[in-house]
There are 2 protein chains.
Amino acid sequence: MNKSKNDLLPGTLEMLILRVLSLQATHGYGIAQRIQQVSDDVLRVEEGSLYPALQRLLLKGWVKAEWKTSESNRRARFYSLTAAGKKQLGVEAESFQRMIEAIAKVMQTA
Amino acid sequence: MNKSKNDLLPGTLEMLILRVLSLQATHGYGIAQRIQQVSDDVLRVEEGSLYPALQRLLLKGWVKAEWKTSESNRRARFYSLTAAGKKQLGVEAESFQRMIEAIAKVMQTA
DNA sequence: CAACGATGCATAGAGTATCTATGCATTGAG
DNA sequence: CTCAATGCATAGATACTCTATGCATCGTTG
């Protein structure tokens, strides 16, 4: 019903996931938790967005996955960055930064 | 072919258009030019994105349009903000700012 | 021990927004 | 008279996210 408010800025999810994984390998549920917590609840990652995104990242070879047992003793898939993923994170972060600065210019200067 | 680089951050186009129009009523071509120039060529607005976006903004009642003659003596449709559009710009700008700050937290803190 | 909340994975379908490609028309400059 | 720049607009493809749904396990609590 309430379609007026997106949960996150489109096009940034993969970058956020890569960033979280660059600090610590963890499972999908953990990724969502961390993004939500660190952003003070501003960013919410829905499962229906998260898991497809992780599949895409796997396909592109930017993350790899391994089944393990989670802290709460459940089967969970732990994701971690590959070398290509690390590189990609750098590329995306830089490109994002440029975008933001350009948008800021328009919003202030234009 | 080159699909690796998006021209702008998805979800920000309407806000950028509203911002440009909040300073001066102008035609579609002029909007695209201004965004591109002010952003130092980082942001490029394709016509195939721009005109559909303007249609959406018209439908929502955030901008209104009027056929006039452009500076270069051509028929052109001049768009300007409505009161609702002004208000919407404020809403979107604020929401965008919150998003950016939240993303920055994740990218630095996470 | 049964019920329930939290943890955990994943897909299908819909909706939205953007891009590429295309078409058309006019003006002014060379 | 030809061409670049100016100007509007749509169709189709693509990409990304969301809602809704389904399943399963663990630990706690009544």
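Every chain is numbered from 1 and lettered A, B, ... according to where its sequence line falls, protein lines coming before strand lines.
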Open item on the list: Between B/S72 and D/dT6, is there a contact of a side-chain N or O with OP1 or OP2 at under 4.0 Å?
Closed with: no

Task: Heavy-atom side-chain proximity of A/M107 to A/I103 below 4.5 angstrom - done: yes

Open item on the list: Side chain of A/N73, heavy atoms from C-beta onward: which of D/dC26, C/dA10, C/dT27 has the nearest atom to it?
Closed with: D/dC26

- [ ] Please tell me which of the listed nucleotides, D/dC8, D/dC18, C/dT18, lies nearest to the side chain of A/D7?
- [x] D/dC18

Open item on the list: Classify B/G30 by what it touches in the nucleic acid, base, sugar-phosphate, or nothing, heavy-atom distance under 4.0 Å.
Closed with: nothing

Task: Spacing of A/I35 atom CD1 relative to D/dT17 atom P, expressed in whole Å - done: 11 Å

Open item on the list: Strictly below 4.0 Å, N to O, side chains only: are A/R56 and A/E14 in salt-bridge contact?
Closed with: yes

TODO: Under the side-chain hydrogen bond (donor to acceptor under 3.5 Å, both in side chains) rule, collect the residues that match up with B/D41, sequence neighbours excluded.
DONE: B/Q36, B/R44

TODO: Step by step, work out the side chain to side chain contact (heavy atoms under 4.5 Å, CB included) result for B/L9 and A/F96.
DONE: CA-CA 8 Å; B/L9 201 50; A/F96 178 77; 4.0 Å; yes

- [ ] Figure out the CD/P separation between A/Q33 and C/dC9, and round it to whole Å.
- [x] 11 Å

Task: Closest to side chain of B/R77, choosing from C/dT20, D/dC8, C/dC9 - done: D/dC8

- [ ] Find the distance B/H27:NE2 to D/dT6:P and express it as a whole number of Å.
- [x] 10 Å

Open item on the list: Side chains of B/H27 and B/E71 only: does a donor on one sit below 3.5 Å from an acceptor on the other?
Closed with: yes

Open item on the list: Heavy atoms within less than 4.0 Å of DNA chain D: which residues of residues 49-68 of chain B have one? Give them sorted by number.
Closed with: B/Y51, B/P52, B/Q55, B/W67

Task: Sugar-phosphate only, base, or nothing, as touched by B/G48 at under 4.0 Å among non-hydrogen atoms - done: base

Open item on the list: Quick one: does any side-chain atom of B/T69 pair with a main-chain N or O of B/N73 as donor and acceptor, under 3.5 Å?
Closed with: no

Task: Rounded distance (Å) that lies between atom P of D/dT6 and atom CZ of B/F78 - done: 14 Å

- [ ] For A/Y79, report the nucleic acid contact type (base, sugar-phosphate, nothing); a contact means any heavy atom under 4.0 Å.
- [x] sugar-phosphate

- [ ] Could you check how far CE of B/M15 sits from P of C/dT18, rounded to whole Å?
- [x] 11 Å

- [ ] Using a cut-off of 6.0 Å, state whether more than 12 heavy atoms not belonging to A/K87 lie near its atom NZ.
- [x] no

Task: Base of D/dC26 paired with side chain of A/R74 (donor-acceptor, under 3.5 Å) - done: yes

- [ ] Check the distance between C/dT16's P and B/L8's CG and give it to me in whole angstrom.
- [x] 19 Å

Task: Carboxylate-amine/guanidinium proximity below 4.0 Å for B/E92 and B/R19 - done: no

Task: Nucleotide nearest B/E46 (side chain, heavy atoms from C-beta), chosen from D/dC18, C/dT20, C/dT18 - done: C/dT20

Task: Touch class at under 4.0 angstrom, heavy-atom based, for B/T26 against every strand present - done: nothing

- [ ] Write down the distance between CG (A/L9) and C1' (C/dT16), rounded to a whole number of angstrom.
- [x] 14 Å

Open item on the list: Need one value for A/E47: base, sugar-phosphate or nothing, where a base atom within 4.0 Å counts as base even if backbone is also close, heavy atoms only.
Closed with: base

- [ ] Nearest whole angstrom, please: distance from the P of C/dT16 to the CD of B/E14.
- [x] 12 Å

